[in-house]
Amino acid sequence: MLDFVIFAVTFVVILFILVIWLYPTSRKVTTVPGLEPSNKDDGNLSDITRAGSLHMFLIDLHKQFGPIASFWMGEQLVVSIASPELFKQQMSVFDRPGDLFQIIAPLCGPTSIQFLNGAEGRGRRQLYDKSFLHENLHVYTEGLQKISKEMVTKWGSLVKEEHIPLQQYMKAFATKVVLQCTLGAFFLDDKEVFNFKQHFDKAWSELEHRLQDPSIPPEDSPRGKAFREVLTWCLYFLASHPTIQDKLKQELSGAGDFSPKSLEKLRYLRQVLEETFRCAVIVPWAARYQDFDSELGGHKISKRTPVVHALGVVLQDDNLWPLPNKFDPDRFSVENGKDRPTLAFAPFGFAGKRLCPAKDFVYLEAAVLVASLVSKFKVSLVEGQVVNPVYGLVTKPEDEIWVTVQKRN
């Protein structure tokens, strides 16, 4: 009888271990609601692939489970949050989970600020911040104006009704701005700018190709790439909303040289740029982790658990933004923004003083070019286009966007 009892107990223990090993659904280690892994090795990576992008996956995840939810990247449990209230609870968290960002290591290097945490990361970040303080932006103004005028001249020389590849022009402009305004005299030679862009595009294409492999987790984008896409999306939205474009042109009349000082007075231009960031969801998500157990939304979060900040989900939340797919710069008027939670709009991230250090530079760059072009030209979409966003490394149009320009009197 004793032998039978020992056998029975041993059998049950072995069966229990096999269940845990063979069935990933038993790996639930948190009270946060969410998905069980689709399979033992990949977790929910196949689900992310089927959704088309991590952003689209997160939209469905939070629709199903609410503002805090969990899923699996391989064998790693990940928690995702999608509300301004939960964002506030992560405001002071600085460290980023490097494992979720390994795909960009070949492009920017494993010792870049993308991966540095702790005291070393904070120290490096302080050095970067000094270069982009608001009071230092005047240093970049002359270069921005020069490169913007070059594009105005180029567009002005085109044959009437000539189709212009918008994304191609905006990428060329942004590359030249970043290189010439921030990296020095070497890139004043357009040939060197072109050479750099060729190599960068090859590297970027390889990273996007790797996203097709579900064994590699999708990742957050380096902010430099995002700068380029916001210009494309802004001019696309203006071209498809001529009334808004005309209203912006009216504000720009008599604005002068579009210096940082004059741009501060152009409130509607700022609203157009902010609505562009919201609608385009340039950078859909960020992530943080902590080296100790913590609490988030009433749930215990084990140390080193990655916490995804679903920025794009919040930017398209119809409870915060009625008719979220509508491009409406008036959302950002002083009056309409009074009752909106502060972190409802966080296109550059928000946590641990680690939001994009060059965010003010981005606004200045976009403002100077958009103001220069709209004050000189009426931009129109070529008819018959269907513009679809692709949420890859950054959000970009699936195909080139073609526009025409007409000189304003």
Side-chain angles (χ1 to χ4, degrees), residues 54 73-74 76 78 90 92-133 136 139-140 171 174-184 186-187 192-193 195-211 213 216-230 282-291 304 306-309 311 346-362 365 391-396:
L54 180 58
M73 281 189 167
Q76 174 64 64
V78 179
Q90 290 263 294
S92 61
V93 183
F94 181 83
D95 291 342
R96 304 174 78 217
D99 290 348
L100 297 191
F101 301 92
Q102 282 301 316
I103 194 173
I104 63 173
L107 183 63
C108 59
T111 60
S112 72
I113 189 62
Q114 294 282 344
F115 296 96
L116 289 180
N117 289 322
E120 187 177 2
R122 292 177 186 272
R124 178 86 66 84
R125 179 54 193 264
Q126 289 177 358
L127 291 175
Y128 294 161
D129 287 346
K130 293 178 181 178
S131 299
F132 295 105
L133 290 173
N136 293 335
V139 173
Y140 308 108
K171 285 184 176 181
T175 301
K176 197 169 185 178
V177 163
V178 171
L179 295 179
Q180 292 190 356
C181 292
T182 66
L183 296 182
F186 179 78
F187 287 106
E192 298 301 337
V193 174
N195 287 338
F196 176 91
K197 184 176 183 301
Q198 278 191 313
H199 293 302
F200 182 86
D201 287 346
K202 287 179 181 178
W204 194 266
S205 176
E206 173 61 23
L207 294 183
E208 290 187 323
H209 176 73
R210 292 185 183 190
L211 284 179
D213 182 352
I216 301 176
E219 47 73 52
D220 189 20
S221 64
R223 297 312 196 248
K225 182 72 175 181
F227 298 169
R228 305 173 187 199
E229 296 301 339
V230 73
I282 302 295
V283 180
W285 63 280
R288 296 290 186 271
Y289 83 102
Q290 299 183 83
D291 270 326
R304 303 191 70 82
V307 176
V308 168
H309 301 160
L311 306 174
F348 296 97
F350 58 86
K353 296 183 178 179
R354 204 167 183 169
L355 73 166
C356 175
K359 73 178 185 66
D360 289 335
F361 178 81
V362 175
E365 173 189 358
Y391 301 101
L393 294 171
V394 297
T395 305
K396 64 179 184 179

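Positions are given from 1, in the same order as the sequence printed here.
Put simply, CD on Glu365 and CG on Asp360 are 12.5 Å apart, with the number rounded to the nearest 0.5 Å. Here the CG atom belonging to Leu179 is positioned 11.0 Å from the CG atom belonging to Asn195, to the nearest 0.5 angstrom. Expressed to the nearest 0.5 Å, how far CG of Asp99 lies from CZ of Phe115 amounts to 9.5 Å. Rounding to the nearest 0.5 Å gives a distance of 5.5 Å between OG1 of Thr175 and NZ of Lys197.
The number of heavy-atom neighbours closer than 6.0 Å to CD of Glu120, taken from other residues, nucleotides and ligands shown, is 12 or below.
With contacts defined as side-chain heavy-atom distances shorter than 4.5 Å, the pair Pro284/Thr395 qualifies. Put simply, the side chain of Phe348 does not reach to within 4.5 Å of the side chain of Leu311, judged on heavy atoms. Contact check for Glu192 versus Leu183: no side-chain heavy atoms found under the 4.5 Å cut-off. Annotation: side chain of Gln290 is in contact with side chain of Gln90 (closest heavy-atom distance under 4.5 Å). Between Tyr140 and Phe132, the closest side-chain pair of non-hydrogen atoms falls below 4.5 Å.
Not counting sequence neighbours, the partners of Asn117 by the side-chain hydrogen bond (donor to acceptor under 3.5 Å, both in side chains) test are Arg354. For Arg304, the side chain to side chain contact (heavy atoms under 4.5 Å, CB included) test picks out Tyr289, Asp291, with sequence neighbours left out. Considering only residues two or more places apart in sequence or on other chains, Arg122 meets the side-chain hydrogen bond (donor to acceptor under 3.5 Å, both in side chains) condition with none of them. Checked against ring pair (Phe, Tyr, Trp, His ring centres under 6.0 Å), Phe187 has the following partners two or more places apart in sequence or in another chain: Phe196. Residues that satisfy the side chain to side chain contact (heavy atoms under 4.5 Å, CB included) test with Ser92, not counting sequence neighbours, are absent from this structure. Evaluation of the side chain to side chain contact (heavy atoms under 4.5 Å, CB included) rule for Asp129 yields Arg125, Pro357 as partners, not counting sequence neighbours.
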Go through it in stages, so that I can follow the logic: the residues are His309 and Val93, the test is side-chain contact (heavy atoms from CB on, under 4.5 Å), and I'd like the CA-CA distance, side-chain angles, deciding distance and then a yes or no.
CA-CA 12 Å; His309 301 160; Val93 183; over 6 Å; no

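Gly352 and Phe94 make their closest contact through O-CD1, 3.0 Å (heavy atoms, listed as atom of the first residue, atom of the second, distance).
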